[in-house]
Amino acid sequence: MLLRNFLRSLPSFQYLSDSDVDHVGAAMRVEEYPNHHVFIYQDKLNKDLFLLLDGRIKVGHYGTGGRYYTLKTIEPGEFFGIPSLSEGKPAVATCQADGPVTVASMPFSAYLLLYQPDSDIGCRFQFVIASQLAKDLHDRHDALRKLLAQVYGDAPKPAA
Amino acid sequence: MIEQALFSHLPELTDQLGVEHIKPLLDRITTHTVPQGAILVRDQTPIDAFHLVLSGRLSLAVEMGDHGIVLGELLPGNWCGELAYFSGVRRASSTVTASEDTEVARLKFVDFEALMAEDSIAVCRLTHAFIQMMMRRLHATANNPVIDPHGEMLIMGDLSIPWSELGQQPHGVVEFIKKMFGGR
(Lines give C-alpha, C1' and ligand atoms only; values in the text may rest on other atoms or scores of the structure.)
Protein backbone atom coordinates (compact mmCIF):
# COMPACT_ATOMS: atom_id res chain seq x y z
CA MET A 1 0.00 0.00 0.00
CA LEU A 2 1.29 3.47 -0.80
CA LEU A 3 2.18 5.53 2.26
CA ARG A 4 -0.03 8.34 0.99
CA ASN A 5 -3.08 6.07 0.89
CA PHE A 6 -2.26 4.71 4.35
CA LEU A 7 -2.03 8.24 5.77
CA ARG A 8 -5.27 9.26 4.07
CA SER A 9 -7.03 6.30 5.71
CA LEU A 10 -6.15 7.47 9.23
CA PRO A 11 -9.09 9.16 11.02
CA SER A 12 -6.78 11.75 12.57
CA PHE A 13 -5.86 12.99 9.08
CA GLN A 14 -9.42 14.12 8.38
CA TYR A 15 -8.53 17.82 8.49
CA LEU A 16 -5.46 17.55 6.25
CA SER A 17 -5.81 18.39 2.57
CA ASP A 18 -4.53 16.09 -0.19
CA SER A 19 -1.60 18.44 -0.59
CA ASP A 20 -0.87 18.24 3.16
CA VAL A 21 -0.90 14.44 3.00
CA ASP A 22 1.50 14.54 0.05
CA HIS A 23 3.88 16.75 2.03
CA VAL A 24 3.73 14.55 5.14
CA GLY A 25 4.24 11.39 3.05
CA ALA A 26 7.17 12.92 1.18
CA ALA A 27 8.90 13.69 4.48
CA MET A 28 8.67 10.08 5.70
CA ARG A 29 10.84 7.09 4.86
CA VAL A 30 9.44 3.57 5.01
CA GLU A 31 11.63 0.69 6.19
CA GLU A 32 11.28 -2.84 7.51
CA TYR A 33 12.86 -3.75 10.84
CA PRO A 34 13.55 -7.11 12.54
CA ASN A 35 12.07 -8.42 15.78
CA HIS A 36 13.45 -6.67 18.90
CA HIS A 37 14.63 -3.59 17.01
CA VAL A 38 14.63 -0.68 19.47
CA PHE A 39 13.29 2.58 18.01
CA ILE A 40 13.35 4.64 21.19
CA TYR A 41 15.34 4.09 24.36
CA GLN A 42 14.00 5.31 27.71
CA ASP A 43 16.03 8.23 29.10
CA LYS A 44 17.51 9.03 25.70
CA LEU A 45 16.49 11.80 23.33
CA ASN A 46 14.34 10.68 20.41
CA LYS A 47 14.93 12.50 17.13
CA ASP A 48 12.34 10.99 14.78
CA LEU A 49 8.59 10.72 14.54
CA PHE A 50 7.56 7.13 13.85
CA LEU A 51 4.40 5.67 12.34
CA LEU A 52 3.78 1.93 12.59
CA LEU A 53 2.53 0.57 9.26
CA ASP A 54 2.62 -3.15 9.97
CA GLY A 55 3.38 -5.36 12.97
CA ARG A 56 3.39 -4.55 16.69
CA ILE A 57 5.60 -2.47 18.94
CA LYS A 58 5.78 -2.75 22.71
CA VAL A 59 6.14 0.36 24.82
CA GLY A 60 7.85 -0.37 28.12
CA HIS A 61 9.01 1.61 31.10
CA TYR A 62 11.63 0.97 33.76
CA GLY A 63 9.97 2.32 36.88
CA THR A 64 11.39 3.21 40.25
CA GLY A 65 13.51 0.32 41.47
CA GLY A 66 14.27 -0.67 37.90
CA ARG A 67 11.18 -2.82 37.49
CA TYR A 68 10.13 -3.10 33.83
CA TYR A 69 6.50 -3.13 32.76
CA THR A 70 4.64 -2.74 29.48
CA LEU A 71 2.73 0.52 29.11
CA LYS A 72 0.96 -0.40 25.87
CA THR A 73 1.25 -2.18 22.54
CA ILE A 74 1.29 0.03 19.47
CA GLU A 75 -0.90 -1.12 16.60
CA PRO A 76 -0.63 -0.17 12.89
CA GLY A 77 -1.75 3.42 12.26
CA GLU A 78 -0.33 4.77 15.51
CA PHE A 79 2.44 7.37 15.76
CA PHE A 80 5.06 7.08 18.47
CA GLY A 81 7.90 9.17 19.82
CA ILE A 82 5.90 12.41 20.02
CA PRO A 83 6.56 13.60 23.61
CA SER A 84 10.36 13.32 23.57
CA LEU A 85 10.56 14.79 20.09
CA SER A 86 8.22 17.68 20.89
CA GLU A 87 9.63 18.61 24.27
CA GLY A 88 13.29 17.97 23.49
CA LYS A 89 13.47 15.79 26.60
CA PRO A 90 14.61 12.19 27.10
CA ALA A 91 11.94 9.59 26.37
CA VAL A 92 10.05 8.14 29.34
CA ALA A 93 9.59 4.76 27.65
CA THR A 94 11.34 2.28 25.38
CA CYS A 95 9.68 1.33 22.07
CA GLN A 96 10.75 -2.06 20.73
CA ALA A 97 9.54 -4.19 17.82
CA ASP A 98 7.52 -7.24 18.86
CA GLY A 99 8.16 -9.27 15.71
CA PRO A 100 9.13 -7.90 12.30
CA VAL A 101 7.63 -4.47 11.63
CA THR A 102 7.27 -1.89 8.89
CA VAL A 103 7.67 1.67 10.11
CA ALA A 104 7.65 5.09 8.48
CA SER A 105 9.86 7.70 10.08
CA MET A 106 10.05 11.45 9.80
CA PRO A 107 13.19 13.37 10.81
CA PHE A 108 13.07 16.02 13.52
CA SER A 109 13.59 18.85 11.02
CA ALA A 110 10.37 18.00 9.18
CA TYR A 111 8.40 17.31 12.37
CA LEU A 112 9.46 20.69 13.69
CA LEU A 113 7.42 22.40 11.00
CA LEU A 114 4.36 20.29 11.77
CA TYR A 115 4.53 20.62 15.57
CA GLN A 116 4.55 24.40 15.45
CA PRO A 117 1.00 25.71 15.02
CA ASP A 118 2.14 28.79 13.11
CA SER A 119 1.78 27.43 9.58
CA ASP A 120 -1.40 26.24 7.86
CA ILE A 121 -0.24 22.64 7.66
CA GLY A 122 1.08 22.81 11.22
CA CYS A 123 -2.30 24.05 12.36
CA ARG A 124 -4.06 21.12 10.74
CA PHE A 125 -1.42 18.65 11.97
CA GLN A 126 -2.14 19.64 15.59
CA PHE A 127 -5.22 17.41 15.42
CA VAL A 128 -3.06 14.43 14.37
CA ILE A 129 -0.70 14.93 17.31
CA ALA A 130 -3.51 15.54 19.80
CA SER A 131 -5.39 12.45 18.62
CA GLN A 132 -2.35 10.20 19.12
CA LEU A 133 -1.56 11.60 22.57
CA ALA A 134 -5.20 11.20 23.61
CA LYS A 135 -5.08 7.55 22.48
CA ASP A 136 -1.83 6.99 24.39
CA LEU A 137 -3.33 8.46 27.56
CA HIS A 138 -6.58 6.58 27.06
CA ASP A 139 -4.62 3.31 26.75
CA ARG A 140 -2.59 4.19 29.85
CA HIS A 141 -5.75 4.81 31.87
CA ASP A 142 -7.13 1.47 30.66
CA ALA A 143 -3.91 -0.21 31.82
CA LEU A 144 -4.29 1.42 35.24
CA ARG A 145 -7.88 0.14 35.46
CA LYS A 146 -6.63 -3.37 34.64
CA LEU A 147 -4.05 -2.98 37.39
CA LEU A 148 -6.84 -2.06 39.82
CA ALA A 149 -8.77 -5.13 38.75
CA GLN A 150 -5.69 -7.32 39.31
CA VAL A 151 -5.04 -5.86 42.75
CA TYR A 152 -8.59 -5.76 44.07
CA GLY A 153 -10.58 -8.06 41.79
CA ASP A 154 -14.27 -7.44 42.45
CA ALA A 155 -13.73 -6.84 46.13
CA PRO A 156 -15.72 -3.88 47.47
CA LYS A 157 -13.81 -1.07 49.13
CA PRO A 158 -13.54 -1.72 52.88
CA ALA A 159 -15.44 0.70 55.09
CA ALA A 160 -13.24 3.50 56.45
CA MET B 1 -17.87 35.81 41.16
CA ILE B 2 -17.05 33.24 38.50
CA GLU B 3 -17.02 35.90 35.82
CA GLN B 4 -14.48 37.71 37.97
CA ALA B 5 -12.30 34.59 37.98
CA LEU B 6 -12.58 34.42 34.21
CA PHE B 7 -11.85 38.12 33.87
CA SER B 8 -8.80 37.86 36.11
CA HIS B 9 -7.36 35.20 33.80
CA LEU B 10 -8.10 37.01 30.55
CA PRO B 11 -4.45 38.10 30.17
CA GLU B 12 -3.26 34.47 30.22
CA LEU B 13 -6.00 33.35 27.85
CA THR B 14 -5.24 36.28 25.57
CA ASP B 15 -1.54 35.47 25.58
CA GLN B 16 -2.37 31.89 24.70
CA LEU B 17 -4.79 32.56 21.85
CA GLY B 18 -3.94 36.06 20.66
CA VAL B 19 -6.04 39.15 21.29
CA GLU B 20 -8.08 38.84 18.11
CA HIS B 21 -9.01 35.22 18.88
CA ILE B 22 -10.23 35.55 22.45
CA LYS B 23 -13.75 36.85 21.81
CA PRO B 24 -14.99 33.89 19.73
CA LEU B 25 -13.94 31.60 22.59
CA LEU B 26 -15.53 33.75 25.29
CA ASP B 27 -18.76 33.82 23.31
CA ARG B 28 -18.96 30.05 23.59
CA ILE B 29 -17.95 29.31 27.17
CA THR B 30 -20.11 29.30 30.26
CA THR B 31 -18.85 29.49 33.81
CA HIS B 32 -19.78 27.28 36.76
CA THR B 33 -18.87 26.67 40.38
CA VAL B 34 -18.14 23.11 41.48
CA PRO B 35 -18.44 22.85 45.28
CA GLN B 36 -15.73 21.09 47.22
CA GLY B 37 -16.20 17.32 47.04
CA ALA B 38 -18.63 17.48 44.11
CA ILE B 39 -17.96 15.25 41.12
CA LEU B 40 -17.75 17.14 37.83
CA VAL B 41 -17.58 14.01 35.66
CA ARG B 42 -17.51 10.31 36.49
CA ASP B 43 -14.95 7.96 34.91
CA GLN B 44 -16.27 6.14 31.80
CA THR B 45 -19.50 8.12 31.58
CA PRO B 46 -20.40 10.05 28.40
CA ILE B 47 -19.26 13.68 28.35
CA ASP B 48 -19.78 16.48 25.87
CA ALA B 49 -17.55 19.33 27.04
CA PHE B 50 -14.09 20.54 28.00
CA HIS B 51 -13.65 22.27 31.37
CA LEU B 52 -11.02 24.89 32.11
CA VAL B 53 -10.03 25.43 35.76
CA LEU B 54 -10.30 29.15 36.55
CA SER B 55 -9.71 28.92 40.29
CA GLY B 56 -9.47 26.12 42.83
CA ARG B 57 -8.33 22.56 42.09
CA LEU B 58 -9.74 19.45 40.43
CA SER B 59 -8.61 15.97 41.42
CA LEU B 60 -8.41 13.22 38.77
CA ALA B 61 -8.74 9.48 39.44
CA VAL B 62 -9.23 6.41 37.27
CA GLU B 63 -11.74 4.02 38.78
CA MET B 64 -12.66 0.36 38.64
CA GLY B 65 -15.61 -0.71 40.74
CA ASP B 66 -15.21 0.70 44.22
CA HIS B 67 -11.49 1.38 43.81
CA GLY B 68 -9.49 4.12 42.22
CA ILE B 69 -6.04 5.48 41.51
CA VAL B 70 -5.52 9.18 42.14
CA LEU B 71 -3.66 10.66 39.17
CA GLY B 72 -3.12 14.14 40.59
CA GLU B 73 -4.66 17.60 40.47
CA LEU B 74 -5.44 20.16 37.82
CA LEU B 75 -4.70 23.76 38.72
CA PRO B 76 -5.94 26.98 37.07
CA GLY B 77 -5.16 27.18 33.36
CA ASN B 78 -5.48 23.43 32.82
CA TRP B 79 -8.33 21.73 30.99
CA CYS B 80 -10.00 18.35 31.27
CA GLY B 81 -12.12 16.55 28.68
CA GLU B 82 -9.51 16.59 25.92
CA LEU B 83 -8.94 12.82 26.05
CA ALA B 84 -12.59 12.15 25.41
CA TYR B 85 -12.65 14.58 22.50
CA PHE B 86 -9.41 13.81 20.71
CA SER B 87 -9.57 10.03 21.25
CA GLY B 88 -13.05 10.13 19.74
CA VAL B 89 -14.35 8.01 22.63
CA ARG B 90 -16.51 10.81 24.10
CA ARG B 91 -16.38 9.20 27.54
CA ALA B 92 -14.62 10.53 30.60
CA SER B 93 -11.21 8.94 31.13
CA SER B 94 -11.21 9.70 34.84
CA THR B 95 -13.41 10.89 37.67
CA VAL B 96 -12.96 14.62 38.21
CA THR B 97 -13.71 15.90 41.70
CA ALA B 98 -13.39 19.40 43.13
CA SER B 99 -10.68 19.39 45.82
CA GLU B 100 -12.03 22.75 46.99
CA ASP B 101 -14.69 25.14 45.71
CA THR B 102 -13.60 25.39 42.10
CA GLU B 103 -14.63 27.71 39.29
CA VAL B 104 -14.57 26.28 35.80
CA ALA B 105 -15.27 27.49 32.27
CA ARG B 106 -17.18 24.99 30.15
CA LEU B 107 -16.75 24.66 26.38
CA LYS B 108 -18.99 22.10 24.72
CA PHE B 109 -17.43 19.86 22.08
CA VAL B 110 -20.00 21.04 19.56
CA ASP B 111 -19.00 24.66 20.22
CA PHE B 112 -15.32 23.75 19.86
CA GLU B 113 -16.15 22.37 16.42
CA ALA B 114 -18.16 25.46 15.57
CA LEU B 115 -15.19 27.55 16.64
CA MET B 116 -13.03 25.48 14.29
CA ALA B 117 -15.13 26.72 11.38
CA GLU B 118 -15.18 30.33 12.57
CA ASP B 119 -11.66 30.79 13.91
CA SER B 120 -9.33 27.92 13.06
CA ILE B 121 -6.31 29.73 14.53
CA ALA B 122 -7.95 29.92 17.97
CA VAL B 123 -8.71 26.19 17.81
CA CYS B 124 -5.20 25.47 16.57
CA ARG B 125 -3.59 27.32 19.48
CA LEU B 126 -5.99 25.79 21.97
CA THR B 127 -5.18 22.34 20.56
CA HIS B 128 -1.48 23.10 20.94
CA ALA B 129 -2.12 23.81 24.63
CA PHE B 130 -4.05 20.52 24.92
CA ILE B 131 -1.03 18.76 23.38
CA GLN B 132 1.29 20.27 25.98
CA MET B 133 -1.07 19.18 28.77
CA MET B 134 -1.42 15.64 27.44
CA MET B 135 2.35 15.26 27.16
CA ARG B 136 2.67 16.35 30.79
CA ARG B 137 0.03 13.83 31.82
CA LEU B 138 1.67 11.01 29.86
CA HIS B 139 4.93 11.80 31.57
CA ALA B 140 3.27 11.96 35.00
CA THR B 141 1.39 8.67 34.61
CA ALA B 142 4.24 6.57 33.17
CA ASN B 143 5.16 5.24 36.60
CA ASN B 144 2.96 2.70 38.27
CA PRO B 145 1.03 3.88 41.34
CA VAL B 146 2.19 3.64 44.91
CA ILE B 147 0.07 3.05 47.99
CA ASP B 148 -0.11 5.92 50.44
CA PRO B 149 -0.29 5.52 54.26
CA HIS B 150 -4.11 5.52 54.04
CA GLY B 151 -4.08 2.56 51.66
CA GLU B 152 -5.06 4.65 48.63
CA MET B 153 -3.32 4.11 45.31
CA LEU B 154 -1.88 7.22 43.74
CA ILE B 155 0.48 8.29 41.01
CA MET B 156 3.43 10.37 42.12
CA GLY B 157 3.60 13.04 39.46
CA ASP B 158 2.59 16.55 38.54
CA LEU B 159 -0.33 16.68 36.11
CA SER B 160 -0.62 20.44 35.79
CA ILE B 161 1.26 22.95 33.69
CA PRO B 162 1.43 26.47 35.16
CA TRP B 163 -0.74 28.90 33.22
CA SER B 164 2.29 31.13 32.80
CA GLU B 165 3.88 28.43 30.61
CA LEU B 166 0.71 27.74 28.64
CA GLY B 167 0.24 31.46 28.16
CA GLN B 168 3.44 31.82 26.19
CA GLN B 169 2.98 32.46 22.50
CA PRO B 170 3.83 29.44 20.36
CA HIS B 171 7.61 29.48 20.22
CA GLY B 172 9.43 30.11 16.98
CA VAL B 173 11.67 27.72 15.10
CA VAL B 174 14.90 29.12 16.54
CA GLU B 175 13.60 28.92 20.11
CA PHE B 176 12.38 25.40 19.46
CA ILE B 177 15.78 24.25 18.15
CA LYS B 178 17.54 25.90 21.08
CA LYS B 179 15.21 24.12 23.48
CA MET B 180 15.71 20.82 21.65
CA PHE B 181 19.45 21.07 22.15
CA GLY B 182 19.23 22.30 25.71
CA GLY B 183 19.88 25.99 24.98
CA ARG B 184 18.35 28.90 26.91
Side-chain angles (χ1 to χ4, degrees), chain A residues 11-12 15 42 45 47 59 61 63-64 67 69 71 82-89 91-93 108-109 112-113 115-118 120 122-127 129-158 160, chain B residues 43-44 60-69 71 82-89 91 93-94 116 120-121 123-147 150-151 153 155-156 169-173 176-183:
Chain A
S12 63
Y15 295 114
Q42 182 175 336
L45 205 57
K47 294 189 177 175
V59 182
H61 177 77
T64 45
R67 185 170 172 229
Y69 49 93
L71 289 173
I82 292 174
S84 173
L85 190 61
S86 303
E87 297 183 304
K89 292 179 180 173
V92 295
F108 165 69
S109 54
L112 181 64
L113 300 173
Y115 176 67
Q116 297 294 307
D118 301 331
D120 287 345
C123 223
R124 292 187 284 273
F125 201 75
Q126 298 298 299
F127 190 84
I129 301 171
S131 297
Q132 183 58 56
L133 293 173
K135 176 156 187 8
D136 290 342
L137 265 172
H138 186 268
D139 290 347
R140 181 62 184 141
H141 287 202
D142 273 351
L144 290 172
R145 282 187 206 97
K146 282 179 188 160
L147 179 67
L148 273 174
Q150 286 170 5
V151 171
Y152 295 108
D154 294 329
K157 190 174 186 175
Chain B
D43 195 8
Q44 303 289 286
L60 270 56
V62 294
E63 293 185 334
M64 173 62 83
D66 289 340
H67 302 280
I69 300 173
L71 302 177
E82 75 286 349
L83 260 74
Y85 181 80
F86 287 104
S87 69
V89 176
R91 284 181 182 274
S93 59
S94 54
M116 203 180 292
S120 62
I121 292 176
V123 167
C124 175
R125 290 180 178 170
L126 209 47
T127 304
H128 193 70
F130 289 141
I131 286 170
Q132 291 174 273
M133 283 181 252
M134 286 192 281
M135 288 193 294
R136 171 66 63 95
R137 289 172 203 175
L138 267 174
H139 197 280
T141 57
N143 280 309
N144 264 349
V146 297
I147 298 179
H150 305 290
M153 292 178 86
I155 296 264
M156 303 290 284
Q169 284 287 344
H171 32 66
V173 172
F176 188 92
I177 292 173
K178 283 164 75 176
K179 186 179 166 194
M180 181 78 187
F181 291 100

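Everything numeric in this text was worked out from a predicted model, so none of it was measured. Within every chain, numbering begins at 1; the chains are lettered A, B, ... in the order of the sequence lines, protein sequences first and strands thereafter.
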Fill in: Contacting region of B:Gln44 [heavy-atom separation from chain A under 4.5 Å]
side chain
Item to complete: Tell me, for B:Val89 versus chain A, whether the close heavy atoms (under 4.5 Å) come from the side chain, the backbone, both or neither.
Response: side chain
Would you say the side chain of [Y] lies within less than 4.5 Å of the side chain of [X], judging by non-hydrogen atoms?
X        : Y        : answer
B:Ile131 : A:Phe127 : no
A:Tyr15  : B:Met116 : yes
B:Phe86  : A:Gln132 : no
A:Ile82  : B:Leu138 : no
B:Pro145 : A:Leu144 : yes

Worksheet, complete the sentence: Greatest number of non-hydrogen atom pairs under 4.5 angstrom with chain B, of A:His141, A:Lys146, A:Arg145, A:Gln126, falls to A:Arg145
Discussion item. I'd like to know which of A:Pro83, A:Pro11, A:Gly63 tops the heavy-atom pair count under 4.5 Å against chain B.
Written reply: A:Pro83
Item to complete: Just give me the residue among B:Asn143, B:Val146, B:Thr141 that pairs up with chain A most often, heavy atom to heavy atom, under 4.5 Å.
Response: B:Asn143
Worksheet item: By a 4.5 Å heavy-atom criterion (distance strictly below it), what part of A:Ala93 contacts chain B: side chain, backbone, both, or neither?
Response: neither
Worksheet item: With only heavy atoms counted, which part of A:His138 is less than 4.5 Å from chain B, the side chain, the backbone, both or neither?
Response: both
Worksheet item: With no hydrogens and no angle check, is any side-chain donor or acceptor of B:Arg137 less than 3.5 Å from a backbone partner on A:Leu137?
Response: no
Worksheet item: What class does the angle between the rings of B:His67 and A:Tyr152 fall in, given that below 30° is parallel, 30 to 60° is tilted and above 60° is perpendicular?
Response: parallel
Worksheet item: At what distance, to the nearest 0.5 angstrom, does CG of B:Leu71 lie from CZ of A:Arg140?
Response: 9.5 Å
